[in-house]
Amino acid sequence: MPWTPWTRRTLAALAVCVLLPLGAAGCATGHTTGGTHSPSPVGKVLHDTDGSGRHLREVDKKNAPEVGVEVTPDTRGGWDVRLTFRHFRCSAPGARGGSAVAGRGLVYLFVDGHETTRLRTPGYHLPGRLVPHGTHHVTARLYADDGTVWAVHGTPVQSTADITVSDPGPTQSPTPTRSPTHTPAQPPGVSAEPTMGGSPVR
């Protein structure tokens with residue numbers, strides 16, 4: 001077939017039509033496997049907030065994060081708080097202010113409803129001055145890295161231990177206070193009753 005300008009233009013047009021679909025398919029594949037797309041949102045952010053004004057992030061109960069809190073009197077003064085987690089890991093400090101990731105975040109510790117500290121580790125020493133004579137509520141609540149509160153059925157994921165101090169400070173040998181499932185005997189002058197969401201656990 002003789003090569004005329006019209007023939008060359010036609011072949012060039014056909015070549016462009018063939019290459020464009022291949023190029024589009026290659027971009028689509030790269031987008032899917034290259035990890036450049038945004039991750040799917042985790043749970044659903046509700047209009048409801050917790051006591052500190054932060055929005056709840058609702059997730060399914062199955063595999064939802066859980067937290068338990070254990071408060072032990074320290075013979076040297078103050079209280080030792082120990083946290084246990086299920087389906088949850090504390091994020092590294094650099095994750096602060098980041099996006100919500102399933103099963104990740106940090107713990108806010110409250111004493112009598114007032115924020116005491118933010119934790120990225122399972123242990124904390126609670127100064128005795130924060131829990132003077134009387135009954136106090138120590139609550140550990142789970143938050144995502146974007147500041148929302150992990151929640152199930154519209155209720156923040158948290159655990160509370162009630163401690164009662166009848167002496168100036170704990171002087172007996174440490175006896176663990178577990179929440180939400182264990183209520184061991186306490187030494188004289190110290191008592192604790194685990195609660196969940198402010199209600200005694202039965």
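- One hydrophobic cluster, built from ILVMFWY side chains closer than 4.5 Å, cannot hold both Val69 and Tyr143; they sit in different ones.
- Of the inter-residue distances, the one linking Thr155 atom OG1 with Leu56 atom CG reads 8.0 Å to the nearest 0.5 angstrom.
- Pairs engaging residues 56-67 under the salt bridge (Lys or Arg N to Asp or Glu O under 4.0 Å) rule: Arg57-Asp146 [sequence neighbours left out].
- The CG atom of Leu106 lies 8.5 Å from the CG atom of Leu119; values are rounded to the nearest 0.5 Å.
- Contact check for Trp79 versus Val138: no side-chain heavy atoms found under the 4.5 Å cut-off.
- Every residue two or more places apart in sequence or in another chain was checked for a side chain to side chain donor-acceptor pair (under 3.5 Å) with Asp48, and none qualifies.
- Counting only residues at least two apart or on different chains, no salt bridge (Lys or Arg N to Asp or Glu O under 4.0 Å) pair has a member in residues 83-94.
- The list of side chain to side chain donor-acceptor pair (under 3.5 Å) pairs with a residue in residues 104-113, not counting sequence neighbours, reads Tyr108-Arg118, Asp112-His136.
- The hydrophobic cluster containing Val131 also contains Tyr124, counting ILVMFWY residues as joined when their side-chain heavy atoms lie under 4.5 angstrom apart, directly or transitively.
- Residues that satisfy the side chain to side chain contact (heavy atoms under 4.5 Å, CB included) test with Ala102, not counting sequence neighbours, are Val42.
- By the criterion of side-chain heavy atoms lying less than 4.5 angstrom apart, applied directly or through intervening Ile, Leu, Val, Met, Phe, Trp or Tyr residues, Val149 is not grouped with Val152; the two fall into different hydrophobic clusters.
- Listed by first and then second residue, the salt bridge (Lys or Arg N to Asp or Glu O under 4.0 Å) pairs that reach into residues 126-143 are Asp50-Arg141, sequence neighbours excluded.
- Remark: Asn63 engages no residue in a side chain to side chain donor-acceptor pair (under 3.5 Å) (not counting sequence neighbours).
- Partners of Phe110 by ring pair (Phe, Tyr, Trp, His ring centres under 6.0 Å), not counting sequence neighbours: none found.
- Residues that satisfy the side chain to side chain contact (heavy atoms under 4.5 Å, CB included) test with His55, not counting sequence neighbours, are Val45, Thr49.
- Residues Thr135 and Ile163 are not in side-chain contact: their nearest non-hydrogen atoms beyond the backbone lie 4.5 Å or more apart.
- At least one side-chain heavy atom of Thr160 sits under 4.5 Å from a side-chain heavy atom of Asp162.
- In terms of heavy-atom proximity, Gly103 sits nearest to Trp150 at N-CZ2, 4.1 Å.
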